[in-house]
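Structure, as structure tokens:
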Amino acid sequence: MKKKEITSPPSGSQLPPLEGAEQGKVVTRFPPEPNGYPHIGHAKAAIIDEEYAKMYGGRLILRFDDTNPLKEKLEYYDAISEGLQWLGVKPDLIKNTSDDISLLHDYGRKLVELGGAYVCTCAQDRMRDLRAKGLPCDCRADHTTALDRLKGFFGTLYDQNQAVMRFKGDMSDQNTAMRDPTLFRIIEGDHPKLGGSVRIWPTYDFAAPIEDSVDGVTHAMRTKEYELRNALYFAILDRLGLRKPAMIEFSRLEFEGVPVSKRKLRPLIDNGTIKSWDDPRLPTLAAFKKRGFLPEAIRKFVLSLGITLAETKPPFETLEAFNRKIIDPISPRLFFVKDPVEVRVRGAREQEVTLKNHPTDASLGSRRVRAGDTFFIAGEDAVHLKVGDEIRLIELYNIKIAEVRNSGAPLVAEIGSDEIRQSMPKIQWTAKDDMIDYNVMIPKQLYIGDDYNTNSLEVAKGFAESYAATLKPDTHIQFVRFGFCRIDDGYTSIMSHR
RNA sequence: GCUCCGGUGGUGUAGUCCGGUUAAGCAUUUCGCCCUCUCAAGGCGGAGAUCCCGGGUUCAAAUCCCGGCCGGAGCACCA
């Protein structure tokens, strides 16, 4: 046996080669339903779709799969577009499934005329029962009135819930997706793009194959929960004599304790636990942005996952590691002291010191800090101090602890030696004369098991150098010995990761 | 219940289609050292997998076959 013939993509790509892909002829598509804010799961699909298109010099289509007016809203089209733009995913064509509504209707009619579908007026629960038992209903067998029913279906004969169009599959197929699934249903309601002009709407099962085929998609990708619908997808195209794209599945992307489903997230928003869809605890793209993750990190991470079918929750730490490496060289270093403890340094003279913004990259500049004789250090650092300890205030001077008092009274210290020993603790500090009240929001896992984590958002309170207030929102910084953060406003930042 | 899909170090993957060329590569994690006025980044090194289990085929199996176990998905007039 020989190895499968696969045109190798240009080197440098991280994804495995696409079967049957020809350079310059690959067309992929990302088909989100505009029914919510884009999240990390969307990012995975969109990035893989785009990456393959790029890899083969092909095209990417962004197709809003808007076939259910009850669920879709204009704001979500925009939210998805914005999310993709932030991610750096650039479609070559943007369209809506609803653009092709009459084409879809035509194919639906044609399918009935070809005997591949029928209008069914059975009640929903009766049909569910029949499908479970693998038995056909009377509508299916009624050939004589099939065309009249079809006419009535697209006319005004039926009201919502009175009729649907079903695929003529096999009611006894072991793959239940093939037991005459619904192709069209009647929905009264305003569609965000088409208003109330259309009432016969295709289901995903019908729209997806037709659109993919008609749009020239060569490689269609979707998450693995659709696997059993592949048979249906191809059966529809077969009966209609339409070209069949290749279908590739991959597992969903979700992190431990951070569900992506609206069922789990919506309630938190609705009951006010979480105020908006860009809350940094959420898996939405807006949240990742707010939290200080860079799109490049997300892309690298997604690509490192591969297109496996295994259902796993990848480690969030890996994403953090990618982000840290990208952010580290561009993040100014600043001082933030959490749970501050006051330190008086006897005999300290007032001075203005220059602090480097980055340990190795001088191009990030420096800042001036006014220091007197009163400082604050982090509570965590203070608890370990004993009389006689010598520590270094980073980039300032050494101090020697002279007095340790209980219950919140300031520590007293004196100026220490000039020697910067490798082993001595070097800690961040803020000067009383040059600091501001500061909060760092620290997002944690949203859910623990099935329960909302009531401690999912820690707010670290303390002092930061006043310089922090001068940084523009969205700036990435590192609070030394604390973690990487994104500036949210003058007195708040959001922690990205350590 | 029926059907389908997965199961490689703590974690995520590569390799599995075409059995041997590495008894398993990479990343993350973790430990040590170097560098360093950060517990960051960078450099070097180490740890960590009898490739779910049991049979079988074969000179040879993570890779093929059979059985089992565990996990997930689908069975909507949602996508």
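Residue numbers begin at 1 in each chain, while the letters A, B, ... track the order of the sequences. A quick note: this is a predicted structure, and the numbers were derived from the prediction, not measured.
- Between the side chain of Arg131(A) and the base of C75(B), no donor-acceptor pair of N or O atoms lies under 3.5 Å.
- Nucleotides C34(B) and U28(B) place their C1' atoms 22 Å apart, quoted to the nearest Å.
- The Gln478(A) side chain lies nearest to A40(B) when the options are G6(B), A40(B), G74(B).
- The distance from atom CG of Leu232(A) to atom P of G74(B) is 15 Å, rounded to the nearest whole Å.
- Rounding to whole angstrom units, CZ of residue Phe322(A) and P of U29(B) are separated by 10 Å.
- Among the nucleotides U29(B), U38(B), U13(B), the one closest to the side chain of Lys426(A) is U38(B).
- Backbone-only engagement by Lys313(A) is indicated by non-hydrogen atom pairs under 4.0 Å involving sugar-phosphate atoms exclusively.
- A straight line from CD of Glu188(A) to P of C77(B) spans 18 Å, rounded to a whole angstrom.
- If you measure from atom CZ of Phe64(A) to atom C1' of A79(B), you get 15 Å, rounded to the nearest angstrom.
- Among the nucleotides U29(B), C37(B), A79(B), the one closest to the side chain of Ile394(A) is C37(B).
- Nearest nucleotide to the Lys325(A) side chain, out of A79(B), G6(B), U28(B): U28(B).
- With sequence neighbours left out, the side chain to side chain contact (heavy atoms under 4.5 Å, CB included) criterion links Arg368(A) to Glu352(A), Thr354(A).
- The residue among Thr203(A) and Asp381(A) whose nearest nucleotide of RNA chain B lies closer to the 5′ end is Asp381(A).
- For Leu228(A), the side-chain atoms get nearest to U3(B) when compared with the rest of A40(B), U3(B), U28(B).
- Comparing G6(B), A76(B), A79(B) by their nearest atom to the side chain of Leu309(A) picks out G6(B).
- Rounding to whole angstrom units, NE2 of residue His358(A) and C1' of C37(B) are separated by 14 Å.
- Nucleotide U30(B) forms a pair with G46(B), judged by Watson-Crick or G-U wobble geometry with both contacts under 3.5 Å.
- Salt bridge Arg333(A)/Asp361(A): absent, no basic N to carboxylate O contact under 4.0 Å.
- Under the Watson-Crick and G-U wobble criteria, each requiring two contacts below 3.5 Å, nucleotide U58(B) is left unpaired.
- Proximity note for Lys71(A) (side chain, C-beta onward) versus U28(B), C5(B), C78(B): the nearest is C78(B).
- Close to C78(B), at under 4.0 Å from its OP1 or OP2, lies a side-chain N or O of Arg185(A).
- Of the candidates U29(B), C5(B), C78(B), the closest approach to any side-chain atom of Lys224(A) belongs to C5(B).
- Distances shorter than 4.0 Å separate none of the side-chain N or O atoms of Thr318(A) from OP1 or OP2 on U28(B).
- Under 4.0 angstrom from either OP1 or OP2 of A40(B) there lies no side-chain N or O belonging to Arg498(A).
- Minimum atom distance to the side chain of Arg128(A) is reached by A76(B), of the listed A76(B), A79(B), A40(B).
- Within the nucleic acid shown, Pro314(A) comes within 4.0 Å of sugar-phosphate atoms alone, with no base atom in reach, counting heavy atoms only.
- Residue Thr67(A) places no side-chain N or O under 4.0 Å from the OP1 or OP2 atom of C78(B).
- Rounded to whole angstrom, the span from the CZ atom of Phe184(A) across to the P atom of A79(B) amounts to 12 Å.
- His497(A) places no side-chain N or O within donor-acceptor distance of the main-chain N or O of Phe316(A), the cut-off being under 3.5 Å.
- Contact annotation: side chain of Tyr226(A) to base of A79(B), donor-acceptor pair present below 3.5 Å.
- Checked against the 6.0 Å centroid threshold, Phe184(A) and Tyr158(A) do not count as a close aromatic pair.
- Within 4.0 Å (heavy atoms only), Gln174(A) reaches sugar-phosphate atoms of the nucleic acid but no base atom.
- Nucleotides A62(B) and A49(B), compared at atom C1', are 11 Å apart to the nearest Å.
- Of the possible polar contacts, one joining the Gln160(A) side chain to the Glu188(A) backbone as a donor-acceptor pair under 3.5 Å is found.
- Following rounding to the nearest Å, Glu395(A) (CD) and U36(B) (P) show an atom-to-atom distance of 15 Å.
- Taking atom P in both U30(B) and A24(B), one finds a spacing of 25 Å when rounded to whole Å.
- Rounded to whole Å, the separation between the P atoms of U58(B) and C65(B) comes to 16 Å.
- Looking at Asn96(A) and Tyr77(A), their side chains never bring a donor and an acceptor atom within 3.5 Å of each other.
- Taking 3.5 Å as the limit, the base of A40(B) and the side chain of Arg333(A) contain a donor-acceptor pair of atoms between them.
- Look at U38(B): it lacks any Watson-Crick or wobble partner with both distances under 3.5 angstrom.
- In this pair, Phe482(A) and Phe479(A) present their aromatic rings perpendicular. The plane angle is above 60°, beyond the 30 to 60° band.
- Taking the six-membered ring where the residue is Trp, Phe30(A) and His42(A) present perpendicular rings, their angle passing 60° and hence far from 30°.
- Phosphate proximity of U13(B) to Thr312(A): present, with a side-chain N or O under 4.0 Å from OP1 or OP2.
- To the nearest angstrom, C1' of G74(B) lies 11 Å from CG of Asp205(A).
- The nearest heavy atom of RNA chain B to Asn175(A) and to Gln422(A) marks one nucleotide each, and the one closer to the 5' end goes with Asn175(A).
- Listed candidates were G6(B), C5(B), G12(B). Nearest to the side chain of Glu227(A) is C5(B).
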